[in-house]
Visitor: 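Pasting in a structure now, in structure tokens, and then I'll have a few things to ask.
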Amino acid sequence: MAEPAYVRIAGEYARRIRGGELPPGTQLPSYAEIAQQHGVSDIVVRKALELLQSQGLVRSVRRRGVFVADRPNLVRVSPERQLESAERSFQNESDQDIQVERETEQIPATSEVAESLGIRIGEQINHVITRAVEAGRPISISDTYHPLDVVDISDAAFLEETISDQLPTATHAEWLRTTPGDLVKTVHQRFISADKQIIMISDVSYPRDRYDAFVFRMTLK
């Protein structure tokens, strides 16, 4: 799925803020200036700045403009981050070295996965394990399952997320180096097509102290 312009613009500013290039209190360019710099409309700029604000990176002062927040927090915002690669998402959150590795294999669907995807038990599906490291520290691991004929989330019309603190699976605990009995932050995702078919499911684990907050944004029509 192509990355929307507002996500790309917000990501660029996020990297500059977290990297210290734009320190707290810095005023961002005007809507018109940002629009001209990136060749986009004011509407795209507005969405980009709203995303930055929801992430806690900037604040809007009426009649004055938009400024870098005094104490930027690390906030995970969905569904926008689903429109970025894992590499870009994590790099937008950090000025440190990010490494992402993936493993893909075909496996028979378990009863639980088969029920979620509406397929037969034992049917071959893709299982993708994605691991991320920031400056040598494991910060994320996910297990994603989807039918062989599903390439990505391009056909998804809806994203459903369930966030909880719980004990990680053995593989997630090993990767995140958690102490036995420690909880992690988990996100269970279901990507759903326009005809209400679940086309992909994913279970993501983060250290509990990774994010200050989790925000889910949706459009109400």
Side-chain angles (χ1 to χ4, degrees), residues 1-96 98 132 134 139-140 142 152-164 185 187-192 194 200 202 204 206 209-221:
M1 181 177 291
E3 180 182 71
Y6 78 95
V7 174
R8 173 176 52 80
I9 294 170
E12 291 178 9
Y13 275 101
R15 286 194 298 274
R16 294 172 66 188
I17 292 170
R18 298 204 182 283
E21 181 182 344
L22 297 175
T26 301
Q27 183 172 9
L28 270 57
S30 68
Y31 278 48
E33 290 172 328
I34 296 176
Q36 183 176 19
Q37 290 171 4
H38 295 273
V40 298
S41 67
D42 285 353
I43 294 176
V44 171
V45 175
R46 184 176 299 110
K47 292 185 68 175
L49 295 178
E50 287 176 351
L51 178 53
L52 287 170
Q53 191 164 353
S54 69
Q55 291 174 317
L57 295 176
V58 303
R59 56 186 174 85
S60 178
V61 180
R62 189 175 182 182
R63 297 180 181 175
R64 290 187 58 199
V66 178
F67 298 81
V68 176
D70 294 333
R71 291 170 46 184
N73 295 321
L74 188 53
V75 177
R76 178 190 183 279
V77 179
S78 288
E80 279 83 1
R81 69 177 288 130
Q82 305 309 323
L83 304 177
E84 304 173 313
S85 66
E87 288 85 348
R88 185 183 292 274
S89 289
F90 288 119
Q91 197 61 67
N92 287 345
E93 298 172 352
S94 173
D95 61 349
Q96 301 185 67
I98 299 293
E134 176 187 64
I139 55 172
S140 174
S142 66
D152 53 33
I153 61 171
S154 298
D155 292 331
F158 308 98
L159 168 61
E160 177 185 283
E161 291 195 337
T162 303
I163 301 172
S164 61
K185 187 72 71 175
V187 181
H188 177 68
Q189 300 176 318
R190 302 200 308 167
F191 294 90
I192 307 169
M200 184 181 296
S202 185
V204 192
Y206 305 98
D209 62 352
R210 171 66 184 172
Y211 296 100
D212 297 291
F214 286 68
V215 176
F216 186 86
R217 293 165 53 93
M218 64 180 294
T219 301
L220 297 176
K221 297 182 179 180

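Side chains included, hydrogens not; waters and symmetry mates left out as well; all remaining heavy atoms used.
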Visitor: Nearest heavy-atom pair of Asp42 and Ala35: which atoms, and what distance?
Guide: OD1-CB, 3.7 Å
Visitor: Pair Ile163, Lys185 - check side-chain contact (heavy atoms from CB on, under 4.5 Å), show working.
Guide: CA-CA 7 Å; Ile163 301 172; Lys185 187 72 71 175; 3.8 Å; yes
Visitor: With sequence neighbours excluded, tell me which residues meet side chain to side chain contact (heavy atoms under 4.5 Å, CB included) with Ser54.
Guide: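 Listed in chain order: Leu51, Val77, Arg217.
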Visitor: Run the side-chain hydrogen bond (donor to acceptor under 3.5 Å, both in side chains) test against Lys47 and tell me which residues pass, sequence neighbours left out.
Guide: none
Visitor: Just checking, any donor-acceptor pair under 3.5 angstrom between side chains of Tyr6 and Arg46?
Guide: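 Not at all, the side chains of Tyr6 and Arg46 share no donor-acceptor pair under 3.5 Å.
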Visitor: Check residues 59-75 and write down every donor-acceptor pair under 3.5 Å in which the side-chain atom is one partner and the other belongs to a residue at least two apart or another chain.
Guide:
none

Visitor: Do Arg76 and Tyr206 come close enough that some side-chain heavy atom pair is under 4.5 Å?
Guide: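 Side chain of Arg76 against side chain of Tyr206, heavy atoms only: contact under 4.5 Å found.
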Visitor: Indicate yes or no: at least one non-hydrogen side-chain atom of Thr162 is less than 4.5 angstrom from one of Val187.
Guide: no
Visitor: Once side chain to side chain contact (heavy atoms under 4.5 Å, CB included) is applied, do any residues pair with Ser164, and if so which ones, sequence neighbours excluded?
Guide: Gln166, Thr186
Visitor: Please identify each residue that fulfils side-chain hydrogen bond (donor to acceptor under 3.5 Å, both in side chains) with Glu87, with sequence neighbours left out.
Guide: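 Testing Glu87 for side-chain hydrogen bond (donor to acceptor under 3.5 Å, both in side chains), a comparison that skips the adjacent residues, returns Arg102.
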Visitor: Run the side chain to side chain contact (heavy atoms under 4.5 Å, CB included) test against Ser89 and tell me which residues pass, sequence neighbours left out.
Guide: Arg81, Glu84
Visitor: Passes side-chain contact (heavy atoms from CB on, under 4.5 Å), Gln91 versus Arg15? Steps please.
Guide: CA-CA 7 Å; Gln91 197 61 67; Arg15 286 194 298 274; 4.1 Å; yes
Visitor: Kindly compute the distance separating CD1 (Ile17) from CG (Leu57), expressed to the nearest 0.5 Å.
Guide: 5.0 Å
Visitor: Could you pull out all residues at least two apart from Gln96 that satisfy side-chain hydrogen bond (donor to acceptor under 3.5 Å, both in side chains)?
Guide: none
Visitor: Strictly by side chain to side chain donor-acceptor pair (under 3.5 Å), give each pair with a member in residues 17-33 just once, sequence neighbours left out.
Guide: Arg16-Glu21, Ser30-Glu33
Visitor: Grab the two heavy atoms, one from Phe90 and one from Ala132, that are nearest each other, plus how far apart they are.
Guide: CE1-CB, 3.6 Å
Visitor: Verify the neighbour count for atom CD1 of Ile43: are there more than 12 heavy atoms of other residues, nucleotides or ligands below 6.0 Å?
Guide: no
Visitor: Looking only at heavy atoms, which two atoms of Phe216 and Leu159 are closest? And how far apart?
Guide: CZ-O, 3.3 Å
Visitor: What distance separates Ile192 CD1 from Asp155 CG, expressed to the nearest 0.5 Å?
Guide: 13.5 Å
Visitor: With a 4.0 Å cut-off on N to O distance, would you call Arg88 and Glu3 a salt bridge?
Guide: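 Answer for the salt bridge query: yes.
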Visitor: Could I get the full list of ring pair (Phe, Tyr, Trp, His ring centres under 6.0 Å) partners for Phe214, not counting sequence neighbours?
Guide: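 In terms of ring pair (Phe, Tyr, Trp, His ring centres under 6.0 Å), with neighbours along the sequence ignored, Phe214 is linked to Tyr211.
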Visitor: Taking only residues two or more places apart in sequence, or in another chain, which ones meet His188 in a side-chain hydrogen bond (donor to acceptor under 3.5 Å, both in side chains)?
Guide: Asp203
Visitor: Going by salt bridge (charged side-chain N to carboxylate O under 4.0 Å, His left out), name the residues that satisfy it together with Arg210, two or more places apart in sequence or in a different chain.
Guide: Glu93, Glu134
Visitor: Show the numbers, then the answer: is there a side-chain contact (heavy atoms from CB on, under 4.5 Å) between Ser78 and Val215?
Guide: CA-CA 6 Å; Ser78 288; Val215 176; over 6 Å; no
Visitor: Could you tell me which non-hydrogen atom of Gly19 sits nearest to which non-hydrogen atom of Asp95, and how far apart they are?
Guide: CA-CB, 3.5 Å
Visitor: With sequence neighbours excluded, tell me which residues meet side chain to side chain contact (heavy atoms under 4.5 Å, CB included) with Ala5.
Guide: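 Ala5: side chain to side chain contact (heavy atoms under 4.5 Å, CB included) contacts with Arg8, Val40, Val44.
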